[in-house]
Number of protein chains: 2
Amino acid sequence: MSRAEQKERTRRAIINAAFSQLSADKSFASLSLREVAREAGIAPTSFYRHFADMDELGLTLVDEAGLMLRQLMRQARQRIEKNGSVIRTSVETFMEFVIGNSNVFRLLLRERSGTSAAFRSAVAREIQHFVAELAEYLRKETTCPDELARAQAEAMVTLVFHTGADALDAPSSQYAYLTSRTITQLRWLAHGAASYGRKPKEQGTL
Amino acid sequence: MSRAEQKERTRRAIINAAFSQLSADKSFASLSLREVAREAGIAPTSFYRHFADMDELGLTLVDEAGLMLRQLMRQARQRIEKNGSVIRTSVETFMEFVIGNSNVFRLLLRERSGTSAAFRSAVAREIQHFVAELAEYLRKETTCPDELARAQAEAMVTLVFHTGADALDAPSSQYAYLTSRTITQLRWLAHGAASYGRKPKEQGTL
DNA sequence: AGAATGAGCGAACAGTTGTAAGCTAAACGG
DNA sequence: CCGTTTAGCTTACAACTGTTCGCTCATTCT
């Protein structure tokens, strides 16, 4: 086996070990280099042949998670074409991702407000892809001015993301409710933005 | 000085030490019992005279944070009575809280998705107060059915909370933008829910 | 006054952590 | 084919962690 090939192999072993140790009660911050190395089947010091420190590993994990997120977007687009209901399809696709890859989603969720500024901005960047893409769609499909399309997209992504977080702690019997609730919320937003978008001034007590 | 009084005093010293060590790069999980005890001016072992372990301290901190949140709600209600604009006043009040008590807000933000189930549900409970109160208001002021009032309140709290999180990493020059963006989002929701609330069926491609 | 309570302390222990130094052996490049 | 490179190892160290034990001594209760 080629040397580079073998190196890539144990690099993946490290990454996989790290992902597999993430759970509801174990965040990336609470992983230890030694534990990861142990599960990857290498000596602790060999870790340094692949990453300068745990932070570098963490950024790699966030990148991989972001990659999966982008694949998810593609998948959602395909489904929408064959399905029609944009909001319902998007929310359902996202929920399936959260349930099926809860460790990955949890990583993003936690590091978004974690203790490392580098992690936070890495996660923020990945989420911005989501927002930008959705905003572009809204600009095309609706008469929304650019700035407001972005604000609308941000609100929608925020709500969907938050529902994903709820789902992590909810029993699976709640998934259907969470999904439909979020769909309703997004429809409100879309409807409100469409009919209310061009009136930034005060009106009424709300 | 009475014994109970002195005990309460060092208990507060511990709590204050813990709060003061929280920061952008230091979460509760990364605090150590010894460090907290050091800053509180007691021996590490004396910590156990007040808390069974760090988790118990953490739950206390979350409770205190929740208390501050409820005080905030009262303050917001007073302001609204003298001001009129419900949404604007609420968002501005909340943002002031986040800026002025960033460590407290960060605690809630992080532990909401942290590694301890007990912490997560404690934070969720505090936030539910917010939601319940807002939902009650919406039921009174609008024609929204109960279930939808709750969904609307949840969406609003989610958006405001998320904006608070954004503010933590944003330069203060961005505060005004974040505030007005959120106000717009909440108005969309209110408007959409009002005119769209009783149509749960599919319609259009959105 | 005398006994009991309990907050606080110091010393000590067993674990864990990250990381440095130096070696081995296999794959590589000339 | 021989020298170089390098992934991986073992050993070692210093720093920290949470927690137990037994003691002191001021406050409290009787």
Side-chain angles (χ1 to χ4, degrees), chain A residues 1-23 25-62 107 110-111 114-119, chain B residues 1-23 25-62 107 110-111 114-119:
Chain A
M1 177 173 359
S2 112
R3 187 126 89 171
E5 189 182 353
Q6 172 60 30
K7 176 162 186 178
E8 181 58 25
R9 192 172 292 232
T10 82
R11 184 188 146 96
R12 280 244 58 93
I14 294 175
I15 293 174
N16 292 339
F19 265 127
S20 99
Q21 293 194 2
L22 294 178
S23 74
D25 345 272
K26 201 124 187 173
S27 72
F28 179 79
S30 65
L31 295 189
S32 89
L33 185 152
R34 291 177 103 104
E35 276 190 70
V36 170
R38 203 174 304 142
E39 178 160 339
I42 60 173
T45 52
S46 300
F47 178 92
Y48 295 104
R49 302 289 184 196
H50 304 270
F51 301 97
D53 49 27
M54 284 293 279
D55 281 6
E56 202 171 294
L57 207 210
L59 288 177
T60 304
L61 296 191
V62 171
L107 177 75
R110 285 176 172 156
E111 298 311 325
T115 56
S116 156
F119 282 32
Chain B
M1 176 169 1
S2 112
R3 185 125 90 171
E5 188 182 354
Q6 172 58 31
K7 176 161 187 178
E8 181 57 26
R9 193 173 292 235
T10 83
R11 185 188 146 95
R12 279 243 60 91
I14 293 174
I15 293 174
N16 291 339
F19 264 127
S20 100
Q21 292 192 3
L22 294 178
S23 73
D25 344 272
K26 201 125 187 173
S27 72
F28 179 79
S30 64
L31 295 189
S32 90
L33 185 153
R34 291 178 104 104
E35 275 189 70
V36 170
R38 203 174 305 141
E39 179 161 336
I42 60 173
T45 53
S46 302
F47 178 93
Y48 296 103
R49 300 291 184 194
H50 304 269
F51 301 97
D53 49 26
M54 284 293 280
D55 282 6
E56 202 172 294
L57 207 210
L59 288 177
T60 303
L61 295 192
V62 171
L107 176 74
R110 285 177 173 156
E111 298 311 324
T115 55
S116 156
F119 282 33

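Residue numbering restarts at 1 for every chain, and letters A, B, ... go by the order of the sequence lines. Predicted model only: the values in this text are computed from it and were never measured.
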Nearest-Å distance, [atom1] ([X]) to [atom2] ([N])?
X	N	atom1	atom2	value
A:Glu56	C:dG18	CD	C1'	16 Å
B:Glu35	D:dC16	CD	C1'	10 Å
B:Ile14	C:dA7	CD1	P	11 Å
B:Lys7	D:dT28	NZ	C1'	14 Å
B:Gln6	C:dG8	CD	P	6 Å
B:Arg34	C:dT17	CZ	P	17 Å

Original post:
Which pair of non-hydrogen atoms, one from A:Ala43 and one from A:Ala37, has the smallest distance, and what is that distance?
Top reply: O-CB, 4.0 Å
**OP:** Taking all heavy atoms of A:Thr115 and all of B:Arg110, pick out the closest pair and write down the distance.
**Re:** CA-NH2, 3.8 Å
**OP:** Give a yes or no on whether a donor-acceptor pair under 3.5 Å exists between the nucleobase atoms of C:dT16, that is its base, and the side chain of A:Ser32.
**Re:** no
Original post:
Does a distance-only test, which skips hydrogens and angles, find a donor-acceptor pair under 3.5 Å between the side chain of A:Arg49 and the base of D:dT6?
Top reply: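 Absent.
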Out of [options], which has the shortest distance to the side chain of [X]?
X	options	value
B:Tyr48	C:dG8, D:dC9, D:dT20	D:dT20
A:Leu33	C:dA20, C:dG18, C:dT17	C:dG18
B:Ser2	D:dT10, D:dT28, D:dG8	D:dT28
A:Arg3	C:dA26, C:dT5, D:dC9	C:dA26
B:His50	D:dA7, C:dA11, C:dG8	C:dG8

**OP:** Quick one: label A:Thr10 by what it contacts on the DNA or RNA (base, sugar-phosphate, nothing), any heavy atom closer than 4.0 Å.
**Re:**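 Here A:Thr10 touches the backbone only, sparing every base.
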